[in-house]
Participant: 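I am attaching a structure below and will ask some questions about it afterwards.
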Amino acid sequence: MADKRLKVEIIVLGIIGINMIFLMFFLMYFMFNFNKEIVTGLIAFVGAILGGLITLFGVKLTIENNEKQKAKEELPKKILNMDKAVNKIEQVVRRLEEGKDLTVLDLNKDTKLYTNETYKKYTVDIMNCIRDYLILVDSESYKIFLDTREKMNLLEFELNELQISLLDFYEKYDEPERTNKEYFYNRFADKHKIEKEVRKKNNELVYNIEMNYKDILIQLQIKQENLIKEMDY
């Protein structure tokens, strides 16, 4: 609405300006006895400039209208892809809220820590699916995705402290030839502590993954509402 009003004001001012210029030349010729050829030349020169400006303004309006029309035609596709992304994330959030015993972190038989396929599913596979939708919306939506993916990538850095504890455990009990009871008792007790820490870290990871999805969901829902408001049928 503001753009239309501005364009009307520019057109009105342009018409007033043209009339003022021709009035000035009229006064120059009839009241101040300026040479007719000079006045005619000035009129032709100013007319050419004004004609060029009007043509430029017309071309600019045409380009702007074409861009707006193109954006309007692409809007339903953007909204559709945004809906797909939001629906996907809502499903994931519901699944994470229901799956309180979800396991993303495991210890193998040698007490070595690793992130499993479930972790990869939530931090990589599903994120790639969301990316494929948001890249078809706009740069702002894609940036929201990139920020969330960066948060997901940083989650594994939280495992460093636990990895150090495991390395200490490997070094301390890397003596298979020892068979005394105290050795095995201490090894069992320390292993139990580590498994407890792994369960705790697993729950923290699941919680952080859930929070990342909830965060991107809120941001995309706001973006979704703004896209719907842009529709003007």
Participant: Please name all residues satisfying salt bridge (Lys or Arg N to Asp or Glu O under 4.0 Å) with Asp147, sequence neighbours left out, ordered by chain then number.
Facilitator: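 Counting only residues at least two positions away or on another chain, Asp147 forms a salt bridge (Lys or Arg N to Asp or Glu O under 4.0 Å) with Lys143.
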Participant: Looking at residues at least two apart in the chain, or sitting in another chain, which of them share a salt bridge (Lys or Arg N to Asp or Glu O under 4.0 Å) with Lys121?
Facilitator: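 Lys121 satisfies salt bridge (Lys or Arg N to Asp or Glu O under 4.0 Å) with no residue once adjacent residues are dropped.
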Participant: What pairs with Ile218 under side-chain contact (heavy atoms from CB on, under 4.5 Å), at least two apart in sequence or on another chain?
Facilitator: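 Partners of Ile218 by the side-chain contact (heavy atoms from CB on, under 4.5 Å) criterion, ordered by chain and then number, come out as Ile222.
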Participant: Give a yes or no on whether a salt bridge exists between Arg94 and Glu98, defined as a side-chain N under 4.0 angstrom from a carboxylate O.
Facilitator: no
Participant: What residues form a salt bridge (Lys or Arg N to Asp or Glu O under 4.0 Å) with Lys120, not counting sequence neighbours?
Facilitator: Asp125
Participant: For Leu217, give me all partners under side-chain contact (heavy atoms from CB on, under 4.5 Å), at least two apart in sequence or on another chain.
Facilitator: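 Listed in chain order: Val86, Ile89, Glu90, Val93, Gln221.
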Participant: Quick one: salt bridge (Lys or Arg N to Asp or Glu O under 4.0 Å) partners of Asp215, sequence neighbours excluded?
Facilitator: Lys151
Participant: If the condition is side chain to side chain donor-acceptor pair (under 3.5 Å), which residues does Asp106 pass it with, not counting sequence neighbours?
Facilitator: Asn116
Participant: Taking all heavy atoms of Val137 and all of Lys78, pick out the closest pair and write down the distance.
Facilitator: O-CE, 3.1 Å
Participant: Side chain to side chain donor-acceptor pair (under 3.5 Å) with Asn87: which residues, sequence neighbours excluded?
Facilitator: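 None.
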Participant: Mind checking what makes side chain to side chain donor-acceptor pair (under 3.5 Å) contact with Lys223, not counting sequence neighbours?
Facilitator: Asp138, Glu140
Participant: Out of the candidates Asn203, Leu205, Asn202, only one should pair with Thr103 under the side-chain contact (heavy atoms from CB on, under 4.5 Å) rule; please name it.
Facilitator: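 Looking at Asn203, Leu205, Asn202, the match for Thr103 under the side-chain contact (heavy atoms from CB on, under 4.5 Å) is Asn202.
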Participant: Could you check if a side-chain atom of Leu136 sits within less than 4.5 angstrom of a side-chain atom of Lys77, using non-hydrogen atoms only?
Facilitator: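 No, too far: nothing below the 4.5 Å cut-off.
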Participant: My understanding is that only residues two or more places apart in sequence, or in another chain, count here; which of them pass ring-ring contact (aromatic ring centres under 6.0 Å, His included) with Tyr207?
Facilitator: none
Participant: Quick one: side-chain contact (heavy atoms from CB on, under 4.5 Å) partners of Leu146, sequence neighbours excluded?
Facilitator: Tyr142, Arg149
Participant: Who pairs with Asn208 by side-chain contact (heavy atoms from CB on, under 4.5 Å), at least two apart in sequence or on another chain?
Facilitator: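 Testing Asn208 for side-chain contact (heavy atoms from CB on, under 4.5 Å), a comparison that skips the adjacent residues, returns Leu155, Glu158.
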Participant: To the nearest 0.5 angstrom, please state how far the OH atom of Tyr213 sits from the OG1 atom of Thr148.
Facilitator: 9.0 Å
